[in-house]
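Accompanying notes for the structure given below.
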Amino acid sequence: MRLIFEKHKEGRRGFSYAKPGVPAARPLDARYRRKDNPHLASLSELDVVRHYTNLSRLNFSVDTNFYPLGSCTMKYNPKFTERIAGLEGFSGVHPLLPQLSGGGMLAQGSLEVLHATERLLAEITGMCAFTMQPLAGAHGELTGAMLIAAYHKDRGARRKYVIIPDSSHGTNPASAAIAGYEVKVIKTSPEGYMDMQEYKKSLDKDTAAVMLTCPDTLGIFNPRIKEIADMAHEAGALMYYDGANLNALLGKARPGDIGFDVVHINLHKTFATPHGGGGPGSGPVGVSDRLVDFLPIPRVTQRTDGTYALDYHRHKTVGYIAPFYGNFGVILKAYAYMLRLGKEGLIEAAEAAVLNANYCRVKLKGHYDLVFDKTCMHECVFSASRQVKNGVHAIDIAKYLIDQGYHPPTVYFPLIVKEALMIEPTETESKETLDSFIGTMIEIARLAEEDPARLKEAPLRMPVKRLDETKAAREPNLRWQP
Amino acid sequence: MRLIFEKHKEGRRGFSYAKPGVPAARPLDARYRRKDNPHLASLSELDVVRHYTNLSRLNFSVDTNFYPLGSCTMKYNPKFTERIAGLEGFSGVHPLLPQLSGGGMLAQGSLEVLHATERLLAEITGMCAFTMQPLAGAHGELTGAMLIAAYHKDRGARRKYVIIPDSSHGTNPASAAIAGYEVKVIKTSPEGYMDMQEYKKSLDKDTAAVMLTCPDTLGIFNPRIKEIADMAHEAGALMYYDGANLNALLGKARPGDIGFDVVHINLHKTFATPHGGGGPGSGPVGVSDRLVDFLPIPRVTQRTDGTYALDYHRHKTVGYIAPFYGNFGVILKAYAYMLRLGKEGLIEAAEAAVLNANYCRVKLKGHYDLVFDKTCMHECVFSASRQVKNGVHAIDIAKYLIDQGYHPPTVYFPLIVKEALMIEPTETESKETLDSFIGTMIEIARLAEEDPARLKEAPLRMPVKRLDETKAAREPNLRWQP
Amino acid sequence: MNYIPHTDKDIKEMLAAIGVSSVEDLFNDIPVALGPKSFDIAPGRSEFEVTQALKNLAAKNATHLTNFVGAGFYDHFIPAAVDAVVSRPEFYTAYTPYQPECSQGWLQAIYEYQTVICELTGLDVANASLYDGGTALYEAAMMAVRLTGRNKIIMDSGVNLIYRTMLYTYTSNLSVEFMEVPVAHGQSSRQELLKHLDDKTAAVILQNPNFFGAVDDHSDIVKEVHKFGALAIASVYPVSLGMLKSPGEAGFDIATGEGQSLGIPLSFGGPYLGFMSARKELLRQMPGRIVGATVDIDGKRGFVLTLQTREQHIRREKATSNICSNEALCALRAVVFVALLGREGLRELAELNYQKSEFAKDALSRVAGVEVKRSSPTFNEFTVLLPRPADEVVYRMVNKGFACGFPLGRFYKGMENYLLVAVTEKRTVEEIRKLADSLEAVL
Amino acid sequence: MNYIPHTDKDIKEMLAAIGVSSVEDLFNDIPVALGPKSFDIAPGRSEFEVTQALKNLAAKNATHLTNFVGAGFYDHFIPAAVDAVVSRPEFYTAYTPYQPECSQGWLQAIYEYQTVICELTGLDVANASLYDGGTALYEAAMMAVRLTGRNKIIMDSGVNLIYRTMLYTYTSNLSVEFMEVPVAHGQSSRQELLKHLDDKTAAVILQNPNFFGAVDDHSDIVKEVHKFGALAIASVYPVSLGMLKSPGEAGFDIATGEGQSLGIPLSFGGPYLGFMSARKELLRQMPGRIVGATVDIDGKRGFVLTLQTREQHIRREKATSNICSNEALCALRAVVFVALLGREGLRELAELNYQKSEFAKDALSRVAGVEVKRSSPTFNEFTVLLPRPADEVVYRMVNKGFACGFPLGRFYKGMENYLLVAVTEKRTVEEIRKLADSLEAVL
Ligand SMILES: Cc1ncc(COP(=O)(O)O)c(C=O)c1O
Ligand SMILES: Cc1ncc(COP(=O)(O)O)c(C=O)c1O
């Protein structure tokens, strides 16, 4: 499709304003004014709507396609949460209203949503308190790392390292580094767990924290996780829990009970808020009691009369990590989702998610190399190494899946698995959908043996064929030029 | 795609209700209960949403395609009208509220919308009063025919005939017939106008009315229309105006000024309310002063204090033609549209619509037979007769256009034109869109000469190829069978 | 203008191509004398201004009242997923699927809708929609007249009064004769109905539940109707079909009804949805669009508009009906609504309406001076007799925050003290209790 | 459960296929001792109940106030077409376009968004979005630190206080040193800024219009900054760029800002949109996703995520940022908003904000006791000095139906009597007049 700028026609207008209706003001001095004429596109409303509507039709999405993108929990986003987020009583509220004097009473509805969501998440994870401010999972990690630093600093220590297994999500080491930590990477043992020998060796009085993902990015629950936590605590380090995969564990295990000190959760994964083509997300952070004092301000508190207020007066706080109270619109949807599902619904979600992943695992393990042949949690990770022998790579499998109407699993992640294919079906997909996906995967395995060229040429049914990514990186063309 | 019923799985639920929370009532006697179990589909919310979302993607629509379907005025439907219709203050109002005692005050907003729209339409058409009740254009015609009957009856006459030109829309004769009239059809002269000789002959004291479409279905404004009206009036007949094509004439001519007695308007055409895949529409009927007393009840009236009320006490009324006040949700969008455009906007719409149609007419007349080679109004009608010589019919042109991403023009209508191609671009389409459509039409004309097979095999890019309509009619399969 | 893309340059170029010098020239066919005498329309306003103005009007409607008004039009909850689907522009900005290859989505959806209507009503064939329940009933009556060649119609007065008045309006110039038969103890009066039945009768029209909320089993009447070669027409409330005997089970030939309850907002009276189904033998006299399954040239299943020779655009004055645009988008709402609920859900919805309505009967019957009419079973609406004019009571109840029902005296002479109360699944126990308490207070 | 399609039969069959006898078996890896100590969550509620409950909460927020609060977050009108586009599930239920062939819609939209940001800011390259204006500014500061290898940052105190506090939080454990420079007569103090500038300076951060609403031309400062080999970072308000000198024109190296004003609802603080653009030489240090154009194997244009070796999923602890999920859907809002307005529209919007704000200045300056600060020009927000604490005045104005501005005393000691008033295009002449009248009444 042509770019919106390529459809520009001087003089068109897709949106108009009323005349100001005020006497003309003294014009702003020319030196403050821009001289150039930005090359924005001018089109009618129809042109704009048709352009973006037709663009949208070029995407795969949960509402149109099975989307088993591992580690991303692409579950269905119930429509009623969109309706709620669209209520003007929520979407129209200026975030500074409760900061006006007496203004708390002007936003009691929104403050209650924040407070109630915090309490729900605390119960779900077994943590003591939550901040809803982090704007995505990685932002939660950074917040968590800063809380950890504040904790150690408060105790007079400046610990330097954060221990992270090599199977972790890329955001973990990146967040730790950005918070000012050096990262010690621990290898994964052949059994699929963090190497305990190496872990023990790395742990010392300079260890600020251990960051784990649980279930980990291989979809596995490490049965020795409590031992790992205890060892860290003995060494005076804190335990960080990357809760992006919490969907597997709702009502089954709680990081707080295991002994974690900091937890972040991806509302856009576990709690069914839409992924929005890459965001917005929301990454609330929960803490054990020893970290509560360090949480970002403002905190939402409940007064004895049941009303809600903002609390700024927390002298140990790390400070401000978001402009206001988090991605409220996202939090609201997650809250509605939790109210809707309730206890049984959340447990059922975890169970069905794990059931679906194991079903895929078992049905496909005769056709693809299963990286660790054991019960998985919410996702299962295969390697295309068997197919590589015929020159078929994970990417070829992915591209052929696209032609069959499936969004591919996550490929080449986790990095520690060669030719990884990481399948996370989520609980919202039916057995019928899984069966036909599995059928296609088996067909692909057959094609890899018998007719690999068919896979290498895919996709053929999309608006473009395979794209030259090297050219994109070597000769960056990152914007339309007039 | 599979049918929703073919995706059924017993036990699934896409929507649930809360428990009643009341003590169990005495069960209804079994003789009143249904014994069978209707074969409805049971699916999860995702399954349902994915099914219908993917079905939607198989349609062409204004928001995704140029849609020059003649006589249907497929103009763009501004998005803000949808937002307004979605306001709970409008969508949630029970129609009987104003019929409760004192209830008029409970629905003043909606009553004002109805009253104001009536007044706007009256000014736009030059008619004396409007009823907003008719639920579509054809329903307006029927209402109009009943008004005409009531008028004549009131004057003690039972006139039998309604005169209708053969170029009229099929609903005109159908509506007249259903209202109890016999239809006299007048041929179209070679110049494209109703044959005046024949008309004169047909007109007599048994003529109840003359039903004209203006501009007519050939896209032509009959300059002798006033003469026609005067002749009818002299014969004691009333003049009916099918205003489905009013888009061409906004601010240019008014049926009331010409002397028409009854007018219906298609809000879903001229006033930009969406066509909804076939409906809902709205077909308000305007009348000259001598017909006001016969309008359906209730009427929305304005009290001296500025408030609105419903008036039932009109002893000459034809009665009730709709359950309430018309398709309120549609009327509301049309009202918003009129407020938005205002005087200049409405005139501009007419001008651009006529400009677009004439541009297509002139650009294509070298390639297709123009039925009447003269300035057209909102649409231009070609015949594929030139192409038929190479075995290419209007339908083949239509199907090839589909493959190029264009919704075809109306084909084989009006019936009086052989192999008709009726192109109504509407004012919301840009010159660029017209130019590329015209380019494709010219290419088709070339293919018709050089490679007709290419056209006969189209469409190839749609979910289905050409469908067997004869089989559909001969062996009706009108529902899924369990 | 945001909806008109023409720039001055565009207009110039286009005029040049056409060969005229101004846009006005294109209107030369309109005699000067026919120019508009007036066109006094206010100047256009911005999207923001119009939106604000209409928000202000919306705020002038009372939406805070707890609603117990029904009378054929019910306050049911609409799942958000229904709105999500119908707001796909590929649905709502398309038109009638004349070109099947680029309209398979719509055609399949309508085919599915037709199936749902058939399944709900227990009949063989359904059309793609009619305007509303009233026009659907009128179309059914005319079908019967055409099919039987007779012109007498017997109508139970339990049929929604709104529909009855519509039928009289539509047929006022036709030679159709109506016999209206009063109800007995709320239900259809067998005695009266059979008295009028004869071999001139084209059809008997019955409604279930009837306007007063009474549930009936009309099988016995239908049998008698058929003995005289007449057709039996049922007017039904679709939600009740999750529980009540279907028209098909009761032997009816044609069923019609208002589909508003199936996911369509009340919206001050429209757009609504008229549905119709019938025995397959009556198919050729059905009005409206009908979608059928067929195959493409490769043998692949596809859907088309079919049996169009019944319709106005082919048959003109000889068509079975004049309907052209119908209520497709509302039909889509209905099919999505039913798909979301599924078999179990529709049954549960009906049961909930019944249970809550029975609870409300109990609660109201405890209010001093209020008599709940119990001569016949009801579904989700029932009649109560008040110790004073219902009109007054309704008026006072508005101040208590209730639209507490419909005063039957507005439609029926002599029923001034009667109130028709509807209770849907949306009404909570608390609301019902508060209704009773408030009623007690205002009486 | 409506969102879990598993029937009992499904579960049985799947368990059999897996070879376990119960779902619990799948959780055997979790030691019994690690089972949840508590999971005290209320039972689920129906869609209707949850919707009602949240409607009730929404009603507890005050949305009836006429809004003059800004402080970086503005009450602009959002065209309905923006909502229509972003509610396409093909946009909002997709994720990061890792697989380009089935994500061309998203990729092209982001490429267009990047272009818009470049055009607005007058710079060469932009990323696909960051969380918000504050984190964007922090990322820009860190970019400068990496690029220059220096760690001193000079920050004008005209930078939004919210951002400044965020920057301090983020860098509290890093060896980054901030110099904050007070404003002089509302604008950036050249004297103070230049005093601190040295060859240890990584960057100077300036905001335009600044937090107090003052408009400035920073070109002169930027020139000095460059002399020291430091980078100049601009924090900007995108709507003002329809009128004000762009960061590119003023010579800045990096521009960041909050995109909320471009079609994104206020929504109690988020989701918002951090945007960032820079000179192309700085590209490799940019954080976040970036989309680039390329060709497919047939030479057809297509779009991909590119330069991913900057990012965490490849470079892990050496990445330029930890960002993964961003604010794509808000970026889409921005690009659609700008496309609807077009060149003219954005200029008009800026002009309207300026004009109405000037009108409000006039109106307020006529109120006895109110002094409008005029030491520097402003855009759509300005500072007024009240004869009593602004906090009190704001409180009283709420009862008059106004959120009349932000009391600066909450952020700045000694400014207790100052009020920051924002006037967007939505405010009407009547509202502004009424604001002045009401202020007069409460003072
Ligand atoms: C395991 C894990 N951790 C962290 C993240 C980062 O979350 P976000 O993308 O919301 O920043 C992700 C997201 O992909 C993840 O899968
Ligand atoms: C000229 C004309 N008249 C009447 C009608 C009937 O209008 P409706 O479809 O709203 O019943 C149409 C619609 O196609 C039409 O084009």
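Treat the numbers as computed from the prediction; the structure is a model and nothing was measured.
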Any side-chain to backbone donor/acceptor pair from [X] onto [Y]? Under 3.5 Å, distance only.
| X | Y | answer |
| --- | --- | --- |
| B:N477 | C:A293 | no |
| C:E317 | B:P173 | no |
| C:D132 | B:A322 | no |
| C:E90 | B:S61 | no |
| B:N59 | C:W106 | yes |
| B:E348 | C:I4 | no |
| B:S101 | C:D391 | yes |

Can you tell me which portion of [X] sits under 4.5 Å from chain B's heavy atoms? Options are side chain, backbone, both or neither.
| X | answer |
| --- | --- |
| C:V85 | side chain |
| C:Y168 | neither |
| C:S246 | both |
| C:R410 | side chain |
| C:E249 | side chain |
| C:D75 | neither |
| C:A84 | neither |
| C:L352 | side chain |
| C:K55 | both |
| C:T306 | side chain |
| C:R88 | side chain |
| C:L54 | both |
| C:T63 | side chain |
| C:L283 | side chain |

Heavy-atom pairs under 4.5 Å with chain B, option from [options] with the top count:
| options | value |
| --- | --- |
| C:G292, C:A109, C:P89 | C:P89 |
| C:E358, C:Q99, C:K60, C:K300 | C:Q99 |
| C:G134, C:A71, C:P43 | C:P43 |

> Yes or no on ring pair (Phe, Tyr, Trp, His ring centres under 6.0 Å) for C:F73 and B:F324, after CA distance, side-chain angles and deciding distance?
Replying inline: CA-CA 11 Å; C:F73 308 89; B:F324 299 103; 4.8 Å; yes
> Going by heavy atoms in the side chains, are B:E10 and C:R343 under 4.5 Å from each other?
Replying inline: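 Side-chain contact under 4.5 Å: yes.
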> Can B:N77 and C:T93 be counted as having a side-chain donor-acceptor contact under 3.5 angstrom?
Replying inline: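 Side chains of B:N77 and C:T93: no pair found under 3.5 Å.
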>> Under a 3.5 Å threshold, yes or no: a donor from one side chain and an acceptor from the other, between B:E123 and C:S38?
In response: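 Yes, side-chain donor-acceptor contact under 3.5 Å.
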>> Let's go through C:E344 and B:S42 carefully: what are the C-alpha distance in whole Å and the side-chain angles of both, what is the deciding distance for side chain to side chain contact (heavy atoms under 4.5 Å, CB included) to 0.1 Å, and is it a yes or a no?
In response: CA-CA 8 Å; C:E344 283 311 309; B:S42 298; 5.7 Å; no
>> Quick one, C:E112 with B:H51, criterion side chain to side chain contact (heavy atoms under 4.5 Å, CB included). Give me CA distance, side-chain angles, the key distance, then yes/no.
In response: CA-CA 12 Å; C:E112 293 176 356; B:H51 179 77; 2.9 Å; yes
> Is the B:H139 ring parallel, tilted or perpendicular to the C:Y131 ring (thresholds 30°, 60°)?
Replying inline: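 Because their plane-to-plane angle lies in the 30° to 60° range, the rings of B:H139 and C:Y131 count as tilted.
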> Can you say whether the rings of C:Y3 and B:F80 are parallel (under 30°), tilted (30 to 60°) or perpendicular (over 60°)?
Replying inline: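 Answer is parallel, since the angle falls under 30°.
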> With ring centroids as reference points, do B:F413 and C:H313 lie under 6.0 angstrom apart?
Replying inline: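 When the ring centroids of B:F413 and C:H313 are compared, they turn out to be at least 6.0 Å apart.
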>> For B:Y67 and C:Y95, I'd like to know if the aromatic rings sit close, meaning centre-to-centre distance below 6.0 Å.
In response: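 Here the rings of C:Y95 and B:Y67 have centres that are no less than 6.0 Å from each other.
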Chain C contact via [X] - side chain, backbone, both or neither, heavy atoms under 4.5 Å:
| X | value |
| --- | --- |
| B:P223 | both |
| B:P459 | side chain |
| B:H169 | both |

>> Walk me through whether C:E101 and B:K399 qualify under salt bridge (charged side-chain N to carboxylate O under 4.0 Å, His left out).
In response: CA-CA 8 Å; C:E101 299 86 355; B:K399 300 308 180 194; 2.6 Å; yes
>> Within this structure, what is the NZ-CG distance for the pair B:K431 and C:D10, rounded to the nearest 0.5 Å?
In response: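 Answer rounded to 0.5 Å: 6.5 Å.
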